[in-house]
Amino acid sequence: QEVIDKFKGKTTGAVLIAPHYSYLDVIVAFLSVRPRAWLRLMARDSLFVAGNNFLGEIISRAGAFPIKRNTADRTAMKRAMLKNGEWVGIFPEGTRRSKGSNKPELHAGAVLIARMGKAPIVPLGLENVANIKQKGERVRFPKVIVRFGEPISLDSFDFLPKDERMDACAWYTMR
């Protein structure tokens with residue numbers, strides 16, 4: 001809560017970055033920021049047409065907006081602009097990572113949004129979310145721990161060559 005309160009009354013919000021292991025990551029990330037801040041989540045565009053647009057309607061009302069995968073989606077980047085203290089939540093891996101894949105593939109779009117909005121990046125660690133529902137098992141209720149990291153500024157990476165800063169910031173944040 002202290003990290004969220006640092007942004008109270010500011011004109012720009014922050015970019016929240018978290019790993020993505022489960023569908024429940026999205027819900028936990030959203031609820032961890034509420035009611036102190038408004039979190040708008042970036043979601044793949046196919047979710048907005050799923051279930052005859054039913055899922056899209058629900059996630060749109062929660063503040064999510066679509067992004068086209070593997071493209072430079074300018075519309076999504078404009079929607080992600082941080083204003084009025086809003087937060088944008090992004091899972092930079094672009095998809096859920098299964099337990100077997102140790103090496104994530106990161107996209108630097110979250111860092112680009114932070115740079116364009118002159119906003120910090122806030123790492124979010126989620127523990128035990130993937131243990132709530134595992135394939136073939138019943139729903140369990142383990143203790144879920146949400147940890148906010150200290151805000152990270154892209155300026156902290158000025159010592160690197162310009163073309164390496166955004167990737168370095170994304171990898172550092174996810175670490």
Side-chain angles (χ1 to χ4, degrees), residues 1-8 13-67 69 76 80 82 85-111 113-114 119-153 167-175:
Q1 298 298 340
E2 295 168 14
V3 173
I4 297 170
D5 289 340
K6 288 181 183 179
F7 296 95
K8 286 274 188 208
V15 176
L16 190 72
I17 292 182
H20 199 11
Y21 291 105
S22 159
Y23 285 117
L24 297 172
D25 294 339
V26 176
I27 296 166
V28 173
F30 182 79
L31 293 175
S32 66
V33 175
R34 300 286 299 159
R36 294 181 181 251
W38 180 252
L39 178 66
R40 295 171 43 234
L41 292 164
M42 190 179 278
R44 71 174 189 257
D45 59 347
S46 62
L47 292 177
F48 289 84
V49 294
N52 291 328
N53 297 329
F54 180 72
L55 180 59
E57 185 69 29
I58 292 170
I59 62 178
S60 291
R61 288 180 187 257
F65 58 95
I67 185 166
R69 282 186 168 179
L82 304 159
E86 293 175 335
W87 288 44
V88 173
I90 300 174
F91 299 95
E93 295 161 309
T95 189
R96 288 178 325 282
R97 181 172 21 138
S98 65
K99 287 186 169 89
S101 55
N102 298 341
K103 197 169 156 188
E105 180 182 321
L106 296 181
H107 304 280
V111 179
I113 291 166
I121 297 168
V122 177
L124 180 68
L126 304 172
E127 295 179 27
N128 292 328
V129 176
N131 294 332
I132 294 173
K133 174 68 174 112
Q134 294 185 356
K135 193 172 185 175
E137 293 185 19
R138 293 179 182 220
V139 175
R140 293 186 283 161
F141 299 96
K143 182 178 180 180
V144 173
I145 300 170
V146 177
R147 297 179 199 268
F148 288 89
E150 285 299 314
I152 299 167
S153 173
D167 283 337
C169 184
W171 280 101
Y172 177 79
T173 304
M174 287 297 288
R175 182 190 59 78

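Owing to the predicted nature of the structure, the values given are computational and were not obtained by experimental measurement.
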Spatial distance of atom CD1 (I121) from atom CD1 (I90) [nearest 0.5 Å]:
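Reported to 0.5 Å precision, the distance equals 8.5 Å.
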Check whether any side-chain heavy atom of P151 lies under 4.5 Å from a side-chain heavy atom of V122, and answer yes or no.
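A side-chain contact exists here, since the closest heavy-atom pair is under 4.5 Å.
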Search all heavy atoms of [X] against all heavy atoms of [Y] and return the closest pair with its distance.
X: M42; Y: I113; result: CE-CD1, 3.5 Å
X: A18; Y: F91; result: O-CD2, 3.2 Å
X: L39; Y: A29; result: CD2-O, 3.5 Å

Apply side chain to side chain contact (heavy atoms under 4.5 Å, CB included) to [X] and list each qualifying residue two or more places apart in sequence or on a separate chain.
X: R140; answer: N131, Q134, E137, P142
X: I58; answer: F54
X: E127; answer: I145, R147

For side-chain contact (heavy atoms from CB on, under 4.5 Å), just list the numbers for L124 and V146, CA-CA rounded to whole Å, side-chain angles, deciding distance to a tenth of an Å, and then say yes or no.
CA-CA 7 Å; L124 180 68; V146 177; 3.4 Å; yes
